[in-house]
Amino acid sequence: MIYKEFQDLKLSALGMGAMRLPVTGGKDADIDETATAEMVKYAFDHGVNYFDTAWGYHEGNSELVMGKVLSEYPREKFYLATKFPGYDLANMTKVEEIFEKQLEKCRVSYFDFYLFHNVCEMNINEYLDEKYGIYDYLMKQKADGRIRHLGFSVHGNYETMKRFLEAYGKDMEFCQIQLNYVDWDFQDAKAKVDLLNEYHIPIWVMEPLRGGKLASLSKENGERLAKLRPDEEIPAWAFRFLQSIPNIVVTLSGMSNQEQLEKNIHTFESEKPLDQEEMGTILDIADRMVNGIPCTACRYCTTHYPQEIDIPEMIKLYNEHKFTGGGFIAPMALMAVEEGKLPSACVGCGSCEAVCPQQIKISEVMSDFAGMMKG
């Protein structure tokens, strides 16, 4: 196992994420505890020492099961991370209640790593609002030793992330972002990496395989990669991409079965970053996979539009939703948008289309997006 230095710690470069644990009967809430315990033992035996869970994973049962399984191991032999569930605004007044319950569920007296969960457009104002006292409370827990290291995770856009860093960046020890070779450009992950480097904040990675989309590729793309590295399996390319980016400490993978765990651990037995040709190939594959609406965000459209819809941002979210096949990112971002600025507010006048250099049928995109959000 590769280890990365973080302050005075040595963390396994591969962390076990507990969002996609094995389940029984196809029900997300029904975690297979026996299979999970076997996977944790294998992970421990092969050098994994970082385990990541959260309040909402597996409908609230991930913390319970991971707490039970990990209680069989010496506390000083593993690092446990969980998060304050700010993705639900109803939780903003409950930080103390939730934190105490998390300690109980996880059967620990402290968390090695604790995060503001899912900083995004929908909750940034609440996270920054002093009346909720979230920042003050978590900083107090850190001072008392019940949080060893405090950080945050981000699914929001660059500007939202920047607002959070401007407010709390001086106290953030690490940041967890969605990072993979598709999102390097698609979700502007490169810019987020650059921003974190400006703040000298170490990077944790989530969704390295994009929810499994990068675990298998088309025959054509697979053959392109096989010519470069005949012995490298397709999922390993996603991890080799991440090994090519400086300042990444932990890469989290939500492994659902023993086979995935064993293969990922094997990959992290060595570092094999991509060379220039390999990097160019993998990013070209990513670009071809996305194949979204070709908006360049020139913003000509917004200067010739009677509504106040942020068209480039809406197209970006539309592309995300189409590529993912649904998901939570677009709906979550739209929750922060005023009703009169949603895709459904488009009147179809065509004035924006008349000045679009890419000749995008914007009204059709807005109509399609609005229909998706109703479904």
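None of these values were measured; they are calculated from a predicted model.
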Gln187 and Glu320: CA distance, side-chain angles, deciding distance, side-chain hydrogen bond (donor to acceptor under 3.5 Å, both in side chains) verdict: CA-CA 8 Å; Gln187 280 209 11; Glu320 156 65 29; 2.9 Å; yes
Is it the case that [X] and [Y] place a side-chain donor and acceptor less than 3.5 Å from each other?
X: Arg20; Y: Asn257; value: no
X: Gln102; Y: Glu63; value: yes
X: Thr24; Y: Asp30; value: no
X: Ser253; Y: Asn264; value: yes
X: Asp183; Y: Asn180; value: yes
X: Ser218; Y: Asn221; value: yes
X: Asp28; Y: Tyr57; value: no
X: Asn197; Y: Asn247; value: yes
X: Thr82; Y: Thr53; value: no

Could you pull out the closest heavy-atom pair between [X] and [Y], with the gap in Å?
X: Gly86; Y: Asn123; result: O-ND2, 3.1 Å
X: Lys105; Y: Gly60; result: NZ-O, 2.9 Å
X: Gln243; Y: Lys272; result: OE1-N, 2.9 Å
X: Leu242; Y: Pro208; result: CD1-CB, 3.6 Å
X: His58; Y: Leu21; result: NE2-N, 2.8 Å
X: Gly222; Y: Ile234; result: CA-CD1, 4.0 Å

Between [X] and [Y], is the gap from one ring center to the other below 6.0 Å?
X: Tyr114; Y: Phe99; answer: yes
X: Phe111; Y: His149; answer: no
X: Tyr318; Y: Phe369; answer: yes

Should we count CD of Glu220 as having more than 12 external heavy atoms under 6.0 Å?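 No, CD of Glu220 has 12 or fewer neighbouring heavy atoms, counting only those of other groups under 6.0 Å.
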Lys NZ or Arg CZ of Lys101 over Trp55 ring: under 6.0 Å, within 45°: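 No, cation not above the ring by the 6.0 Å, 45° rule.
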Is [X] salt-bridged to [Y], going by a charged N under 4.0 Å from an acidic O?
X: Asp284; Y: Arg288; result: yes
X: Asp188; Y: Lys192; result: no
X: Asp52; Y: Lys83; result: yes
X: Arg146; Y: Glu100; result: yes
X: Glu207; Y: Lys213; result: no
X: Asp112; Y: Arg75; result: yes
X: Arg229; Y: Glu232; result: yes

Who else is in Phe6's hydrophobic cluster (ILVMFWY, side-chain heavy atoms under 4.5 Å, direct or via others)?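 Reading the cluster by chain and number, Phe6 sits alongside Leu9, Leu11, Tyr50, Tyr79, Phe113, Leu115, Phe174, Trp204, Val249, Val250, Leu252.
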Any residue meeting salt bridge (Lys or Arg N to Asp or Glu O under 4.0 Å) with Arg107, in chain and number order, not counting sequence neighbours: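 Applying salt bridge (Lys or Arg N to Asp or Glu O under 4.0 Å) to Arg107 gives none.
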Just so I know, are the side chains of Met206 and Ser153 near enough to count as touching, which here means a heavy-atom distance under 4.5 Å?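 In contact.
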Taking the side chain as every heavy atom from C-beta outward, state whether Lys162 and Tyr158 have any pair of such atoms under 4.5 Å apart.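 The answer is yes, as the side chains (C-beta and beyond) meet within the 4.5 Å cut-off.
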Residue pairs involving residues 237-268 (criterion ring-ring contact (aromatic ring centres under 6.0 Å, His included); sequence neighbours excluded):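 Sorted result for residues 237-268: Trp184-Phe241, Phe239-Phe268.
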